[in-house]
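Working notes, beginning with the structure itself.
Values below: every heavy atom of this structure, side chains too, minus hydrogens, waters and symmetry copies.
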Number of protein chains: 2
Amino acid sequence: MARPTKQAQHINIREAIKEVAWQQMVDVGAAELSLRAIARAIGVSAPAIYNHYADRDVLVTALIIDAYTSLGDYQLAARDSVPQDDIRGRLHATGIAYRAWAHAMPQRYQLIFGTPIPGYQAPPEVLPVAGRSLRALVSVIDQACATNVLNSVAIPTVMPVELPMFTVWQQHTGAQMPEALTVAIMIWGRVHGLVSLEIARAIPAFGRTGDGLFVYEMEAIEKQFLVHS
Amino acid sequence: MARPTKQAQHINIREAIKEVAWQQMVDVGAAELSLRAIARAIGVSAPAIYNHYADRDVLVTALIIDAYTSLGDYQLAARDSVPQDDIRGRLHATGIAYRAWAHAMPQRYQLIFGTPIPGYQAPPEVLPVAGRSLRALVSVIDQACATNVLNSVAIPTVMPVELPMFTVWQQHTGAQMPEALTVAIMIWGRVHGLVSLEIARAIPAFGRTGDGLFVYEMEAIEKQFLVHS
DNA sequence: TTCAATAAACTAACAGTGTATATTTACAGT
DNA sequence: ACTGTAAATATACACTGTTAGTTTATTGAA
């Protein structure tokens with residue numbers, strides 16, 4: 001038999017493939033992702049995957065897009081759990097959410113920010129959703145800028161050659177002011193640096209609950225970029 | 001013939017293997033490193049590699065150790081190019097050197113801080129040399145601490161459970177004061193965060209020469225952690 | 001000078017990977 | 001009822017890391 005009856009098939013195989021892929025990442029790590037193993041787990045031949053994803057990279061891209069979306073949602077929810085006029089609180093919550101998300105699903109984090117897939121190069125279609133994952137942070141900084149509580153003195157401007165890329169980023173992140181995006185990138189770098197070292201288990205845990213260093217960093221960020229009344 | 005005459009062999013095959021491996025990383029990226037391709041480039045059968053490295057991971061470990069050593073040397077040299085009493089200058093030079101090294105040899109950087117090798121887990125033997133790569137930064141912070149110009153107010157302490165690991169790190173980095181290591185880790189996180197995003201081409205270049213954001217960050221670091229006279 | 005031991009190469013093979021090709025078949029629409 | 005399409009199939013290819021068994025050049029000792 002070349003094709004089983006419909007009832008034996010998954011309702012939505014595309015989703016099933018991604019689910020199994022995430023499960024595999026949890027089990028054996030993002031680097032060991034294997035099309036054949038996914039097919040085996042679903043109970044289908046390996047080339048059957050190609051009916052739903054053109055090749056491995058397309059599948060990986062779909063996973064990355066999901067991960068970025070999840071990260072973005074997580075941060076937006078965290079931001080909105082704090083009153084709109086509490087800019088400092090919103091900034092803090094967004095940073096904490098970034099770290100919490102990474103610790104809750106390190107495979108997704110590694111998939112986005114590590115380079116676990118040999119030969120994989122992210123295609124341009126992830127750009128919008130990658131930008132969206134910065135929206136929460138950018139919006140807070142933008143609001144700080146608009147209400148005149150942003151300290152971005154002497155912040156550098158983007159290189160002329162990079163201006164097209166920067167403009168695209170501004171659109172996808174929804175940044176009103178260019179310097180808001182620049183500050184967001186700086187904050188992102190700091191948050192990401194610490195979190196990536198934590199995820200890689202390169203640094204020990206600090207404080208009573210393990211997030212001491214990160215909280216210290218968030219407070220330093222707030223002190224540096226928000227004018228304190 | 002099962003074994004060629006001695007003159008046809010490399011003088012030091014272990015080194016030749018590593019050289020070819022680095023070349024491959026430059027050519028096709030760290031993720032696509034292949035034992036067979038290395039053997040092919042040297043003009044030798046694939047299993048012959050196993051006479052010199054027990055398996056792929058051992059070779060990768062050797063490469064990582066070399067990379068860490070190179071990174072450590074680079075930063076120590078940068079530190080020593082500035083007079084010993086100029087702590088701020090030494091800190092700045094060390095940070096700039098970290099970034100310069102990463103940009104000069106992104107493959108080495110990716111090998112250490114990315115996770116480009118499927119299934120590879122760094123063995124404990126890289127710990128000393130990884131610690132050594134922090135020595136330059138740690139020594140400057142230590143000196144700042146000793147001369148009472150370090151601002152580490154309210155810096156958190158390591159979790160009790162992590163204290164053994166922290167102590168080992170203190171030894172390998174040569175940290176005199178525990179808080180010096182903690183501050184060094186924080187600074188490392190910030191420098192690493194920005195640099196890793198740059199290397200991944202996740203953020204655009206700023207300023208006239210492309211290092212605007214990084215220089216801005218270094219100055220912020222200096223302002224935060226060094227008491228300004 | 002002869003001889004055995006060792007180290008380092010070899011070939012062949014195994015299990016795994018992503019992917020291409022050509023084939024078969026269940027289902028939907030006319 | 002027939003046909004076109006979509007989705008599965010088996011088979012095959014070129015890779016990968018790794019193991020096993022074999023062969024030989026070189027070295028040190030008798």
Side-chain angles (χ1 to χ4, degrees), chain A residues 1-18 20-21 24-25 27-64 111 115-123, chain B residues 1-18 20-21 24-25 27-64 111 115-123:
Chain A
M1 168 173 44
R3 186 186 179 193
T5 70
K6 194 180 185 183
Q7 65 171 358
Q9 302 176 39
H10 279 87
I11 311 301
N12 191 340
I13 299 212
R14 283 183 64 90
E15 283 305 312
I17 290 172
K18 288 202 287 189
V20 172
Q24 280 216 352
M25 285 192 188
D27 293 346
V28 301
E32 311 254 284
L33 214 164
S34 152
L35 278 197
R36 293 182 111 107
I38 293 170
R40 227 177 293 129
I42 299 184
V44 113
S45 75
I49 307 281
Y50 287 79
N51 290 320
H52 308 280
Y53 296 97
D55 57 20
R56 191 201 51 172
D57 287 9
V58 172
L59 171 57
V60 171
T61 299
L63 294 169
I64 286 181
L111 184 65
T115 48
I117 309 294
Y120 178 80
Q121 274 282 30
Chain B
M1 169 175 38
R3 184 185 176 191
T5 70
K6 192 179 185 183
Q7 67 170 357
Q9 302 176 38
H10 280 85
I11 311 302
N12 190 342
I13 298 211
R14 283 182 64 89
E15 284 305 313
I17 290 172
K18 289 201 287 188
V20 172
Q24 279 216 353
M25 286 192 188
D27 293 346
V28 301
E32 311 253 286
L33 213 165
S34 152
L35 279 196
R36 292 183 109 107
I38 293 170
R40 227 177 291 129
I42 299 183
V44 113
S45 76
I49 307 281
Y50 286 78
N51 291 319
H52 307 280
Y53 295 97
D55 58 19
R56 190 201 52 171
D57 287 8
V58 171
L59 170 57
V60 171
T61 299
L63 295 170
I64 286 180
L111 185 64
T115 49
I117 309 292
Y120 177 80
Q121 275 280 30

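- Note: B:Ile42 CD1 to B:Ile13 CD1 = 6.5 Å, rounded to the nearest 0.5 Å.
- Between the P atom of D:dA7 and the CD1 atom of A:Ile13 lies a distance of 9 Å, rounded to the nearest Å.
- Smallest separation of non-hydrogen atoms from A:Ala39 and A:Ala46: CB-CA, 3.6 Å.
- What separates CD1 of A:Ile49 from P of C:dA20 is a distance of 14 Å, to the nearest Å.
- The residue B:Ala48 sits close only to the backbone: its heavy atoms come under 4.0 Å of sugar-phosphate atoms, none of a base.
- For the side chain to side chain contact (heavy atoms under 4.5 Å, CB included) criterion with B:Pro123, the lone passing option out of B:Val60, B:Val58, B:Thr61 is B:Thr61.
- At the phosphate of D:dA6, neither OP1 nor OP2 sits under 4.0 Å from any side-chain N or O atom of A:His52.
- A donor-acceptor pair is defined here as one N or O able to donate and one able to accept, closer than 3.5 Å; such a pair exists between the side chain of A:Arg14 and the backbone of A:His52.
- One can place CG of A:Asn51 at 16 Å from P of C:dA26, the figure rounded to the nearest angstrom.
- Atom CG of A:Asp27 and atom CD of A:Glu32 lie 11.5 Å apart (nearest 0.5 Å).
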Exercise for the section: Would you mind building the protein contact string for nucleotides 11-18 of chain D? One character per nucleotide, 5' to 3', B for base within reach (heavy atoms under 4.0 Å), S for sugar-phosphate only, - for untouched. Expected result: BB---BBB

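- Going from atom CG of B:Leu63 over to atom CZ of B:Arg56 covers 11.5 Å, rounded to the nearest 0.5 Å.
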